[in-house]
Amino acid sequence: MSENVVRLVKNPPTGPESEAAPTVLTVVPDAPPAPLVPLWVRSGRAVKTAVTHETTKSAARAVARHSLYTFNGGRIVARRAWDGKTGARYERMIRAAEVAGNLEVAEEWEDRLQRFRQARHHRRMDLLHSPVEAAKGVGVGAAMSVGVLVALGVVMAINNHDIRDVITPLKATIEFIATLIRIVQLVWPTAIVLGPLFALLALWTVGSKQQAAPQWALPANVRSGEGEPITPSIVVKALRDLGVPALRNAIKEMGDAGASMLGPIRIAGCGVEVDVTLPSGVSTNEVQQRRRKLAENLTRHEHEVFITIPEAARTVRLWVADSGALDEPIGPSPLVTDETMTANYKTGRAPWGQDLRGDGAALSLYQRHLLITGLSNQGKTAALRALALWASLDKTVEFRIADLKGAGDWAMFEGLATILIQGPTDEDVIAATEMVEGLVEEMEQRLEQRRRDPSTVFEPLIGIVDEAQVAFMCPAKDDEKRPYGGSKATSRYFMAVRKVHNQGRVVDVLMWEGTQDPTDQNLPKLVREGAHTRASLALGTESQAVMALGEKAVNGGAAPHLLRQGLDKGTLVVASDGIAIPKGQSSITVRTHFIDDAGADVITDRAKALRSGVTTLHAVDRGETRDPLADIDAVAGDGKRAFTQDIIKRLAALSEDAYGAWSFGDLSRVLESYGIEAYKSHGRMVVRRDDITAALENRDADGSASAS
């Protein structure tokens, strides 16, 4: 039965009357005692904690490491001794040469083996006669030594006139030998103990230099293998330990330990490349599916090893990066560093970045529709914009751009693109749809003109829709209840893109799209397969990689889903005939140059200087052709000067579709293209009425086509 336990606590009074006040005792019940834990339970916990503690693990690894250094060092020394005493080394080289089909080298090594055996035979025969010869030599030497010592003693006796000096040299020699014997007797017990220790130390030194211990027992800095060069033996060992039984057994049965599987290891940019011919019974996809394990066997991270399939049968091509090389930046774009660079849409190639070899990767844009996909914030817009910036340096290229993100990534094309739509709303999607439908109308007009005159050459017209998934997912419908988004035949955006894909290339009307996270809902199959150049940044799954690049490219080794989200920004896997892809491969990995907004502004300023002036519309003209200069003249009024703000308001009232979104910048670009300058009068910007009239008369007199 439990009992209540109380404690008497003395509470000293406080305050000025503390000296006279009596001591107060308070009864406080004690807390219940803590439950007792059996000793064996506490001991078990202590043992478990000790076993799992990091210090214990480190100590166990150290003991195992140094023990195995000594043991395996002995094996290495024994192997070296065996190779030195036998012809094992020569026999291995002969087998390797025979497997490689190099008979001349095999014959050379066989000759060396014969010479080694003859020399070894002569040494063994000499050993049979060496004891007798050694005994004779010792006897003759001893007799001569005694004779010399006696002769020296005689000389000393004659010189000192003392007959006892005859044996003095001989006596001194005997005493010296006795001293050596005493020294050996003193040192020998210590040598018996230290000798084996020094021998073990020597074996440990050999093992430590060769790191002759399992990976788990090595120190962390050695176990990581960072920076370890790729050699044939490392590649073969990595393949042997890949977990493919047929491959492991085939390597064990090869006389050259698997060396015949490897082609030459070539330096390829920031890494090395080697072709591996797999033995019979091993398929290439068995190696591809074990990319992570192969990378770890090569002491690399997964993203530092790429496996592709060349043309040769049963062959995989391994590209292995130097440790950490892919995390280094590749440098600025030539578009930024070379201010004299120009572009040629038809014959030129856009400098996009570098491939894994470190060579420049340039893409031809000529008559190729383009699709770039990837997860959000991986560099999709930057990669797409870099191509547009290069193409802008060809003054014949016209751009119509819809940025459905609306974050200002394409703002530098103001005054360069004829249409620039920026925003994610349904109204922006409607405007983007009408922009693409305008491409279809232009394409059909060009096709009709081509039918009348097959020799007609057209200037390139590139329509760009960034964040195209917003358009495909838009729920808005027009007055006829036709949806703008979706992937059905009733979808206006989908059908417009399909029409451009079908026939736009032959008349240089092209469609470029950038989209996030491809699925059948936000990137329909017919649209993605209509692009000639398909590129993908990091994706989440292999099925998305197939959607982005096609099944053929993924089966050939393309793996954007294995790129690291956030770490491999700007790294693209590209499938296109417009870029140089190694023979036998279906894709290439490109690390794109990043051009920031400031650099893009400089490039577009150069592009604008090549053109005579482009009026950028922020909304599509829906079936109405406008002449901006004539409209400005019509709304300027009869006074000598007109306020620019009044002109903008009157233009919006004249045509909401064409001028509703105009700002002072839009008006200034149109005026400056005709040599008209706005100036400030009494704090407000104004334009001279006579300048507008004169510009209109001069243009009409020159027969220039009105802008639309």
Side-chain angles (χ1 to χ4, degrees), residues 308 330 333-335 341-374 379-394 396-399 439 443 457-466 468 497 500-515 518 523 527-537 545 547-554 556-558 560 570-593 595:
T308 54
I330 64 172
S333 169
L335 292 173
M341 177 174 286
T342 58
N344 188 308
Y345 159 78
K346 185 174 182 180
T347 61
R349 290 176 177 264
W352 211 6
Q354 293 180 0
D355 61 14
L356 296 178
R357 294 171 170 268
D359 300 330
L363 179 68
S364 172
L365 307 177
Y366 179 61
Q367 293 186 345
R368 290 179 175 88
H369 302 302
L370 176 67
L371 172 65
I372 298 181
T373 63
K380 176 182 73 280
T381 297
L384 185 61
R385 191 177 69 180
L387 298 177
L389 289 173
W390 177 83
S392 70
L393 297 178
D394 184 342
T396 65
V397 177
E398 177 187 352
F399 292 99
L439 296 178
M443 175 191 72
V457 178
F458 302 101
E459 292 185 346
L461 171 59
I462 300 177
I464 302 175
V465 179
D466 195 9
V497 173
V500 175
H501 279 178
N502 288 339
Q503 295 179 296
R505 181 187 66 83
V506 295
V507 289
D508 290 297
V509 177
L510 303 180
M511 190 72 205
W512 293 3
E513 289 182 289
T515 183
L523 187 60
V527 171
R528 60 180 183 253
E529 292 186 350
H532 304 98
T533 296
R534 300 167 70 172
S536 177
L537 295 109
M547 292 181 183
L549 300 177
E551 190 170 356
K552 178 181 179 182
V554 174
T571 299
L572 286 164
V573 181
V574 186
S576 172
D577 61 350
I579 194 170
I581 296 179
K583 188 176 181 181
Q585 297 181 199
S586 58
S587 65
I588 185 172
T589 301
V590 177
R591 303 173 68 198
T592 58
H593 296 294
I595 304 175

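Everything numeric in this text was worked out from a predicted model, so none of it was measured. The analysis underlying the following values was restricted to heavy atoms, covering all of them including side chains, and did not include hydrogens, waters or symmetry mates.
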Asker: Please find the pair of heavy atoms, one from L572 and one from A535, that lie closest to each other, and give the distance.
Answerer: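 Shortest heavy-atom contact: CD2-CB, 4.0 Å.
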Asker: Under a 4.5 Å cut-off applied to non-hydrogen side-chain atoms, are W390 and L363 in contact?
Answerer: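 Counting from C-beta outward, W390 and L363 never come under 4.5 Å.
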Asker: Are the side chains of P334 and M341 in contact, using a 4.5 Å heavy-atom criterion?
Answerer: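 Yes, their side chains come closer than 4.5 Å.
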Asker: Find out whether I462 and L365 are in side-chain contact, i.e. whether some heavy atom of one side chain is under 4.5 Å from a heavy atom of the other.
Answerer: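 They are not in side-chain contact.
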Asker: Check for a donor-acceptor pair, side chain of R349 on one end and backbone N or O of G578 on the other, with a separation under 3.5 Å.
Answerer: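 Yes; judged by distance alone, with no hydrogens or angles, the pair exists.
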Asker: Are the side chain of R534 and the backbone of T373 linked by a donor-acceptor contact shorter than 3.5 Å?
Answerer: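 Absent.
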Asker: So which atom in S333 and which in P351 form the shortest heavy-atom distance, rounded to 0.1 Å?
Answerer: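 Result for this residue pair: OG-O, 4.3 Å.
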Asker: Could you check whether Q354 and R591, counting side-chain N and O atoms only, form a donor-acceptor pair closer than 3.5 Å?
Answerer: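 There is no such pair between these side chains.
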Asker: Distance check, rounded to the nearest 0.5 Å: Y345 atom OH versus S392 atom OG?
Answerer: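 Rounded to the nearest 0.5 Å, the OH-OG separation comes out at 15.0 Å.
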Asker: Restricting to non-hydrogen atoms, name the atom on A531 and the atom on H501 that form the minimum distance, rounded to 0.1 Å.
Answerer: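 Scanning both residues completely, I find the closest heavy atoms to be N-CE1, 4.3 Å.
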Asker: Roughly how far, to the nearest 0.5 Å, is the CG atom of D355 from the CD1 atom of I588?
Answerer: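 Output value for this atom pair is 4.5 Å.
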Asker: If you measure from CE on M443 to CE on M511, what distance do you get to the nearest 0.5 Å?
Answerer: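 M443 CE to M511 CE: 12.0 Å, rounded to 0.5 Å.
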Asker: Within a 6.0 Å radius of atom CD on E551, are there more than 12 heavy atoms belonging to other residues, nucleotides or ligands?
Answerer: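 Atom CD in E551 is not packed in, count stays at 12 or less.
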Asker: Quick one: closest heavy-atom pair of I581 and S587, and the distance?
Answerer: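 In this case the closest contact between I581 and S587 is CG2-O, 3.5 Å.
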Asker: Taking the side chain as C-beta and beyond, is there a heavy-atom pair between P460 and T396 under 4.5 Å?
Answerer: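 Sidechains of T396 and P460: in contact.
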Asker: Closest approach of K380 and D466, non-hydrogen atoms and distance?
Answerer: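 Closest approach of K380 to D466: CE-OD1, 3.9 Å.
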Asker: May I ask you to decide if the ring planes of F399 and W512 are parallel, tilted or perpendicular, using 30° and 60° as cut-offs?
Answerer: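 Judged by the thresholds at 30° and 60°, the geometry between F399 and W512 is perpendicular.
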Asker: If you take all heavy atoms of I464 and A388, which pair is closest and at what distance?
Answerer: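 What the structure gives for the nearest pair is CD1-CB, 4.0 Å.
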Asker: With respect to Y366, which candidate in N344, D508, T347, L510 satisfies the side chain to side chain contact (heavy atoms under 4.5 Å, CB included) definition?
Answerer: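 Testing each of N344, D508, T347, L510 against Y366, the sole residue satisfying side chain to side chain contact (heavy atoms under 4.5 Å, CB included) is D508.
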Asker: Mind checking whether E459 and E398 have side chains closer than 4.5 Å, heavy atoms only?
Answerer: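 E459 does not reach E398 side chain to side chain.
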Asker: Taking ring pair (Phe, Tyr, Trp, His ring centres under 6.0 Å) as the test, write out the residues that go with F458, two or more places apart.
Answerer: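 Residues passing ring pair (Phe, Tyr, Trp, His ring centres under 6.0 Å) with F458: none at all.
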Asker: Name the one of L371, V497, T515 that satisfies side chain to side chain contact (heavy atoms under 4.5 Å, CB included) with V527?
Answerer: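 Going through L371, V497, T515 one by one, the side chain to side chain contact (heavy atoms under 4.5 Å, CB included) with V527 is satisfied by V497 alone.
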Asker: Could you walk me through whether L537 and I372 pass the side-chain contact (heavy atoms from CB on, under 4.5 Å) check?
Answerer: CA-CA 8 Å; L537 295 109; I372 298 181; 3.9 Å; yes
Asker: Could you tell me whether D577 and R368 have a side-chain N and a carboxylate O separated by less than 4.0 Å?
Answerer: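 Yes, this pair counts.
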Asker: What pairs with A361 under side chain to side chain contact (heavy atoms under 4.5 Å, CB included), at least two apart in sequence or on another chain?
Answerer: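 Once residues adjacent in sequence are excluded, the partners of A361 under the side chain to side chain contact (heavy atoms under 4.5 Å, CB included) criterion are I579, V590.
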Asker: Would you say T592's side chain and G570's backbone share a donor-acceptor pair under 3.5 angstrom?
Answerer: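 Yes: the side chain of T592 pairs with the backbone of G570.
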Asker: Could you check whether any side-chain N or O of H369 sits under 3.5 Å from a backbone N or O of H532, counting only pairs where one atom can act as donor and the other as acceptor?
Answerer: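 Not confirmed, H369 side chain does not pair with H532 backbone.
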Asker: I'd like to check the ring pair (Phe, Tyr, Trp, His ring centres under 6.0 Å) partners of H593; sequence neighbours left out, ordered by chain and number.
Answerer: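 Scan of H593 (ring pair (Phe, Tyr, Trp, His ring centres under 6.0 Å), adjacent residues dropped) gives none.
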